[in-house]
Amino acid sequence: MTTEIAKPATRKRKKAAPKTFKAAYDILKTNAAELQQQEEPDIDNLMTTVEESIAAYRVCETRINAVQQALNAAFAEEQTITSTDD
């Protein structure tokens with residue numbers, strides 16, 4: 001009779017929130033790939049992965065919104081300059 005010894009769960013350490021869009025996007029890509037490749041869910045690390053992904057998503061969302069606002073302001077300014085030149 002062979003007895004399998006259960007390995008202790010290896011928990012991921014919670015990382016600090018990313019500071020840049022690229023770092024946050026890389027976290028989202030990595031976490032999504034890890035979740036897709038799992039044959040069985042890694043419940044021990046699921047909350048850490050979800051919390052890390054939420055923090056990364058918020059960084060991306062904030063950066064995208066800031067860029068969108070800057071583009072809107074730039075285009076509004078361009079329209080104002082163009083319409084005054086006419």
Side-chain angles (χ1 to χ4, degrees):
M1 181 174 162
T2 307
T3 306
E4 286 189 34
I5 299 171
K7 294 180 188 174
T10 304
R11 290 208 165 157
K12 285 175 38 175
R13 295 191 105 174
K14 191 172 179 181
K15 299 175 187 172
K19 303 285 186 214
T20 65
F21 178 87
K22 181 173 178 3
Y25 186 73
D26 287 344
I27 288 170
L28 290 173
K29 284 192 325 186
T30 300
N31 288 351
E34 286 177 5
L35 291 171
Q36 289 173 344
Q37 292 171 0
Q38 291 177 358
E39 290 183 24
E40 295 180 14
D42 182 3
I43 298 300
D44 294 320
N45 289 314
L46 186 59
M47 282 307 299
T48 302
T49 300
V50 168
E51 289 169 354
E52 185 180 74
S53 297
I54 289 171
Y57 173 81
R58 288 183 177 145
V59 170
C60 289
E61 180 181 44
T62 299
R63 188 65 188 128
I64 289 169
N65 288 339
V67 169
Q68 184 64 54
Q69 288 177 353
L71 288 172
N72 289 344
F75 285 125
E77 185 177 307
E78 180 67 26
Q79 286 179 341
T80 303
I81 292 170
T82 306
S83 61
T84 10
D85 288 346
D86 291 337

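- Between Ser53 atom OG and Leu28 atom CG the span is 5.5 Å, to the nearest 0.5 Å.
- When the side-chain hydrogen bond (donor to acceptor under 3.5 Å, both in side chains) test is applied to Lys22, the partners found at least two apart in sequence or on another chain are Asp26.
- Pairs of residues two or more places apart, or lying in two chains, that qualify as salt bridge (charged side-chain N to carboxylate O under 4.0 Å, His left out) and include a residue from residues 31-41 are Lys12-Glu34.
- The CG atom of Asn45 sits 8.5 Å away from the CD atom of Gln38 when rounded to the nearest 0.5 Å.
- The hydrophobic cluster around Leu71 extends to Val67, Phe75, counting ILVMFWY residues whose side-chain heavy atoms fall within less than 4.5 Å of a member.
- Within a 6.0 Å sphere centred on OH of Tyr25, other residues, nucleotides and ligands contribute 12 heavy atoms or fewer.
- The side-chain hydrogen bond (donor to acceptor under 3.5 Å, both in side chains) check on Glu77 picks up nothing, with sequence neighbours excluded.
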Exercise answer: donor-acceptor pairs, residues 56-65 side-chain atoms, under 3.5 Å, sequence neighbours excluded:
{"residue": "Thr62", "atom": "OG1", "partner": "Arg58", "partner atom": "O", "Å": "2.8"}
{"residue": "Asn65", "atom": "ND2", "partner": "Glu61", "partner atom": "O", "Å": "3.3"}

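- In the hydrophobic clustering, Val50 connects to Leu35, Ile43, Leu46, Ile54, either directly or through intervening members, whenever side-chain heavy atoms lie under 4.5 Å apart.
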